[in-house]
Amino acid sequence: MGEQQQPLSGVFLGEESLLISCATAWLERGHGIRAVVTDVGDIARWATERDVPVVAVADVLEQLLAGEPFDYLFSIVNFKLLPTEVLDLPRHLPINYHDSPLPRYAGVNATNWAIINGEDSHAVTWHVMTEEVDAGAILQQRQFPILPDDTAITLNARAYEEALAGFRDLTDQLAAGTAVLTDQPAEGRSYFARWQRPTAAGVIDWSRSAHEIDRLVRGLDHGTYFNPLGRAK
């Protein structure tokens, strides 16, 4: 029989429910969580119910330095830049989730911009965190089509599913020691900043083609969820 693998330890940091799904998958595979770093009440309650220490984002460096060493730091839907001192804490790697086919669509609101720009496919990426935003080596990338009737909300939902499936695969690879690091290509990088908005703040230009207008409307449709870019108008 092969040698039994030792459980890994991780710290999970983030602001949305994908963190809970990924942390649950991590626990189900027999690994441990040293702490959950968040300022979001629902995530903190989830951790507390499982006797996992909760650390406020402002206290992340001080609290993690004072605790036990850990293997991996997972940043999952985290919009705050982490200092190098935090990235250096895990024994192995700091790993980030990004909802785009890096190196394209680095930054924020990737699914919105992909629909607005008329892309026919999208991807989610798990990559190593570095000082440069969304620039580290890729560990896992999953491609999927953008459907003709996709809106921001439906594409985000499919990205969520692909992200969780990718995390499960990545967890197994990390445990087996088979994870492969692939440097991002030097060419083809695009970046979308938090302040960027569609032309004219989403006001429809009726001289544009029907396809372009349709993409704008669908790309800004978040249903009842928070909309970071504004609606077409």
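All of these numbers come straight from a predicted model, not from anything done at the bench.
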Report yes if the side chains of [X] and [Y] come closer than 4.5 Å at any heavy-atom pair, otherwise no.
X	Y	value
Ser9	His31	no
Asp71	Pro90	no
Asp221	Ile115	no
Trp195	Val108	no
Thr48	Val54	yes
Leu155	Phe144	yes
Val11	Val37	yes
Val77	Leu19	no

All side chain to side chain contact (heavy atoms under 4.5 Å, CB included) counterparts of [X], not counting sequence neighbours:
X	result
Thr154	Asp150, Thr151
Ser121	Gln143
Glu131	Thr84
Ala106	Leu102, Asp134, Arg189, Tyr191

Discussion item. Tell me whether Phe12 shares a hydrophobic cluster with Val40, the cluster being built from Ile, Leu, Val, Met, Phe, Trp, Tyr side chains joined at under 4.5 Å.
Written reply: yes
Worksheet item: Linking I/L/V/M/F/W/Y whenever any side-chain heavy atoms sit under 4.5 Å apart, do Ile146 and Tyr160 land together?
Response: yes
Worksheet item: For Asp59, what residues pass the salt bridge (Lys or Arg N to Asp or Glu O under 4.0 Å) criterion, not counting sequence neighbours?
Response: none
Discussion item. Please enumerate all residues that pass salt bridge (Lys or Arg N to Asp or Glu O under 4.0 Å) together with Glu68, with sequence neighbours excluded.
Written reply: Arg34
Worksheet item: Does Arg50 CZ have over 12 foreign heavy atoms under 6.0 Å away?
Response: yes
Worksheet entry | Exceeds 12 heavy-atom contacts within 6.0 angstrom, atom CG of Leu65 | yes
Worksheet entry | salt bridge (Lys or Arg N to Asp or Glu O under 4.0 Å) assessment of Arg168 paired with Asp172 | CA-CA 6 Å; Arg168 291 186 176 121; Asp172 294 340; over 6 Å; no
Is a side-chain N or O of [X] found less than 3.5 angstrom from the main chain of [Y], in a donor-acceptor match?
X	Y	answer
Lys233	Ala201	yes
Glu212	Ser209	yes
Gln63	Val60	no

Worksheet entry | Geometric class of the Phe167/Phe74 ring pair [parallel <30°, tilted 30-60°, perpendicular >60°] | perpendicular
Response to the item:
Applying ring pair (Phe, Tyr, Trp, His ring centres under 6.0 Å) to His222 and not counting sequence neighbours gives none
Item to complete: Check ring pair (Phe, Tyr, Trp, His ring centres under 6.0 Å) between Phe70 and all other residues, then give those that pass, not counting sequence neighbours.
Response: none
If I take atom [atom1] from residue [X] and atom [atom2] from residue [Y], how far apart are they, to the nearest 0.5 angstrom?
X	Y	atom1	atom2	result
Ile204	Asp214	CD1	CG	10.0 Å
Ile43	Glu15	CD1	CD	8.0 Å
Ile20	Leu164	CD1	CG	12.0 Å
Ile95	His127	CD1	NE2	10.0 Å
Thr125	Gln184	OG1	CD	7.5 Å
Asn109	Leu229	CG	CG	4.0 Å

Item to complete: With sequence neighbours excluded, give me every ring pair (Phe, Tyr, Trp, His ring centres under 6.0 Å) pair touching residues 78-102.
Response: Tyr72-His92, Tyr97-Trp126
Discussion item. Test: salt bridge (charged side-chain N to carboxylate O under 4.0 Å, His left out). Region: residues 191-206. Which pairs qualify, not counting sequence neighbours?
Written reply: none
Item to complete: Any salt bridge (charged side-chain N to carboxylate O under 4.0 Å, His left out) involving residues 97-111? Give me the pairs, sequence neighbours left out, ordered by first then second residue.
Response: Arg104-Glu119
Worksheet, complete the sentence: For residues 38-47, the side chain to side chain donor-acceptor pair (under 3.5 Å) pairs (sequence neighbours left out) are Asp42-Arg45
Worksheet entry | Thr111 and Tyr105: side chain donor to acceptor below 3.5 Å | no
